[in-house]
Amino acid sequence: MSKFQAPKGVSEYFPERSRHFEFVRETLIQSARVSGYELMELPVFEDTELFARGVGESTDVVSKEMYTFEDRGGRSITLRPEGTAGVMRSVIEHNLDRGQLPVKVWYSGQFFRAERPQAGRYRQFYQVGIEAIGLNDPEIDAEVIAVAVMAFEKLGLKDYHTEITSLGDAVTRERYTKDLREYISTLALDESTIARAELNPLRLFDDKRDEIRSMMEKAPVLMDYLTPESAAHFEEVKSTLDQFGITYQVNNRMVRGLDYYTGTAFEFVHHKLGAQSGIGGGGRYDGLMRQLGGSDLSGIGFGLGVDRILLACEAEGIEVPQENSLALFIVPMGESVKGFAVLKAHQLRAHGISVDVAYGDRALKGGMKAADKSGARFALVLGDDEIASGKGELKNMQTGDSVSVTLRTLHEELLKLI
RNA sequence: GUGGUCGUAGCUCAGCUGGUAGAGCAUCCGGUUGUGGUCCGGAAUGUCGCGGGUUCGAGCCCCGUCGAUCACCCCA
């Protein structure tokens, strides 16, 4: 047996890159926080039935990509392939839908889909998502989209675009799908494509082949089937986005992978990520809560792919600001002062000052090199002299200047400097 | 899930038509007594993804396998 390796298709983040990952995730979350969303911390596995009913049996996600297993009590458990169903379950279970509306929450964590991996498509991946439940003001739709766009702007992403559409209500969709199927039945298609259309006729809009594309050009468009109310709602969403200065493209042949979407739907597509170009998406879901046994409330939310957004930042050459750099790096001179240095570091940390120490038996030069690499703002050499005098030279690593400090009150002097 | 490409030191890669491995960066040490970033010198490091096979001999050829990756598919 050779060495262990990570399971197929999982992404891992470790220094230095983990800092970039963390920065991306925090930026996404921060955008939700400033818009009034609060944390929802949920399990990564749920009753299999929740996804089957919530996401839809006919979707690829449910029918062939779920990690499903039986627990020791014989229950069928599934690793969450998406976030919305779990949020709905929890909202219903804890009666949040009976309180003040809308319920606005964000979540962040791992999701699981057993697909064939490639860059940007992982079997365990990270999403940050938000949900606004209980009201169907078009302004909330615009807010949700804006939360994502604001985060992208904060990150400095430029090479992407936003697509929006309206999928209408259930009745509309039924009428439309019927006509679309009829249209498709007139086309000369191969077997596998017919099977695909059978499952979800909208899929053909997404086909990459030119001949299919041109065949679908004259297909009926859902937008033409919208009820006056749906159309008005969509107009209001668009005009609010316009007021926000958010640019978008209306894509009236957008296909979403989850069954529960109704009304407003949207996607964020990046241009430098190859085939896995969707960095996020979402939409409104009218019947979902009721479907899961809760009250008949509407909701809207998105899921953003943290892995892909990080990839997008890298593709655009975006520099991640150096966060959390150390305030102080202590270099002990020899064994005799090591204990003192470590204790001093411990005490300073208790004051909230970030400190690290040159561990190992490094010579002074090596210790200073370590101080440099650590990115600490100050370095302090501790030797027998310093312990004897109770004073030391605090070196500013950027300017190279030193100031004399009293070791006993070091925390006070440092707090003034940082 | 289908098809293609790739897999050599920590990282990025070189290795001509098969003769048992190299560079740059990173790491560590040093350039005379206690201060880093430049420069100079030196050192360490690989079961050439793994397992079979062909061959006198394989990193280079064949098969399998694992993983990554590209496209399809799907989607975050």
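Note that this is a predicted model, so its numbers are computed, not measured. So that the names make sense, note that chain A is the first sequence line, chain B the second, and so on, each numbered from 1.
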So, is A/R362 near the phosphate of B/rG30, with a side-chain N or O under 4.0 Å from OP1 or OP2? no
Contacts of A/V306 and A/Q118 projected onto RNA chain B by closest heavy atom; the upstream (5') one is A/Q118
How long is the line joining CG of A/L204 and P of B/rC73, in whole Å? 11 Å
Report yes if a side-chain nitrogen or oxygen of A/R121 is closer than 4.0 Å to either non-bridging phosphate oxygen (OP1 or OP2) of B/rC73; otherwise report no. no
Could you tell me how far B/rU17 sits from B/rC61 if I compare only their C1' atoms? Round to whole Å. 12 Å
Heavy atoms only, 4.0 Å cut-off, all strands: where does A/Y122 land among base, sugar-phosphate and nothing? base
Identify whether any heavy atom of A/E386 sits under 4.0 Å from a base atom; if not, whether one sits that close to sugar-phosphate; answer base, sugar-phosphate or nothing. base
Specify the residue among A/R116 and A/D307 whose closest nucleotide of RNA chain B lies further upstream toward the 5′ end. A/R116
Mind running a 4.0 Å heavy-atom check of residues 276-285 of chain A against RNA chain B and sending the residues that fall below it, in number order? A/Q276, A/G278, A/I279, A/G280, A/G281
Nearest listed nucleotide, side chain of A/M368, among B/rG36, B/rA76, B/rG67: B/rG36
What is the ring orientation for A/F266 with A/F302, classed by angle as parallel under 30°, tilted 30 to 60°, or perpendicular over 60°? perpendicular
In residues 402-411 of chain A, what donor-acceptor pairs under 3.5 Å come from side-chain atoms, sequence neighbours left out?
| residue | atom | partner | partner atom | Å |
| --- | --- | --- | --- | --- |
| A/T406 | OG1 | A/K391 | NZ | 3.3 |
| A/T409 | OG1 | A/E413 | OE2 | 3.3 |

Using atom CZ of A/F125 as one end and atom P of B/rC75 as the other, report the distance to the nearest whole Å. 11 Å
Taking B/rC29 as the reference, what is the distance to B/rA44 when you measure between their P atoms (whole Å, please)? 15 Å
Please determine if A/D47 and A/R89 form a salt bridge, counting it only when a charged side-chain N lies under 4.0 Å from a carboxylate O. no
Does A/A85 offer a backbone N or O that forms a donor-acceptor pair with the side chain of A/E82 under 3.5 Å? yes
Of all the nucleotides listed (B/rC74, B/rA76, B/rA68), which has the minimum atom distance to the side chain of A/R196? B/rC74
Answer with base, sugar-phosphate or nothing: what part of the nucleic acid does A/D385 contact at a heavy-atom distance below 4.0 Å? base
With heavy atoms under 4.0 Å as the rule, sort A/D207 into base, sugar-phosphate or nothing. sugar-phosphate
Test item: side-chain donor near acceptor, A/N200 and A/S58, under 3.5 Å: no
Determine all donor-acceptor pairs shorter than 3.5 Å in which one atom belongs to a side chain in residues 134-146 of chain A; sequence neighbours excluded.
| residue | atom | partner | partner atom | Å |
| --- | --- | --- | --- | --- |
| A/D141 | OD1 | A/R284 | NE | 3.2 |
| A/D141 | OD1 | A/R284 | NH2 | 2.5 |
| A/D141 | OD2 | A/H233 | NE2 | 2.9 |
| A/D141 | OD2 | A/T264 | OG1 | 2.6 |
| A/D141 | OD2 | A/R284 | NE | 3.3 |
| A/E143 | OE1 | A/K104 | NZ | 3.4 |
| A/E143 | OE2 | A/Y37 | OH | 2.6 |
| A/E143 | OE2 | A/K104 | NZ | 2.7 |

Between B/rC60 and B/rA14 - P atom distance, rounded Å: 16 Å
Could you tell me whether the phosphate oxygens of B/rC74, OP1 or OP2, come under 4.0 Å of any side-chain nitrogen or oxygen in A/R203? yes
What nucleic acid atoms does A/K373 come within less than 4.0 Å of, heavy atoms only: base, sugar-phosphate, or nothing? sugar-phosphate
Across the strands shown, which category fits A/E65 at heavy-atom distances under 4.0 angstrom: base, sugar-phosphate, nothing? sugar-phosphate
Does A/A119 reach a base, just sugar-phosphate, or nothing at all? Heavy atoms under 4.0 Å. sugar-phosphate
Looking at every strand, decide which applies to A/E115 at a 4.0 Å heavy-atom threshold: base, sugar-phosphate, or nothing. base
Would you say A/Y126 stacks on B/rA76, if stacking means ring centres under 5.5 Å apart and planes within less than 30 degrees? no
Examine B/rA76: is either OP1 or OP2 under 4.0 Å from a nitrogen or oxygen in the side chain of A/R256? Give yes or no. yes
Enclosure of A/H346 NE2 (heavy-atom neighbours >12, cutoff 6.0 Å): no
Say whether A/D242 and A/Y248, considering side chains only, have a donor N or O and an acceptor N or O under 3.5 Å apart. yes
What is the distance, to the nearest angstrom, from the CG atom on A/L364 to the C1' atom on B/rU32? 14 Å
Which part of the nucleic acid, if any, lies within contact of A/R209, taking any heavy atom under 4.0 Å across all strands shown: a base, the sugar-phosphate backbone alone, or nothing? nothing
Under a 4.0 Å heavy-atom cutoff, the residues of residues 43-56 of chain A touching RNA chain B are none
Where along residues 387-411 of chain A does a heavy atom fall under 4.0 Å from RNA chain B? A/K395, A/M397, A/Q398, A/G400
The side chain of A/K369 lies closest to which of these nucleotides: B/rG37, B/rC75, B/rA71? B/rG37
Can a salt bridge be assigned to the pair A/E267 and A/R256 using a cut-off of 4.0 Å between side-chain N and carboxylate O? yes
Bracket notation of RNA chain B in which parentheses pair within the strand, [ ] cross earlier pairs, and | pairs with another strand (Watson-Crick or G-U, under 3.5 Å): (((((((..((((........)))).(((((.......))))).....(((((.......))))))))))))....
So what does A/G120 hit on the nucleic acid, given a heavy-atom distance under 4.0 Å: a base, only sugar-phosphate, or nothing? base
Angle between ring planes, A/Y126 versus A/F21, binned at 30° and 60°: parallel, tilted or perpendicular? perpendicular
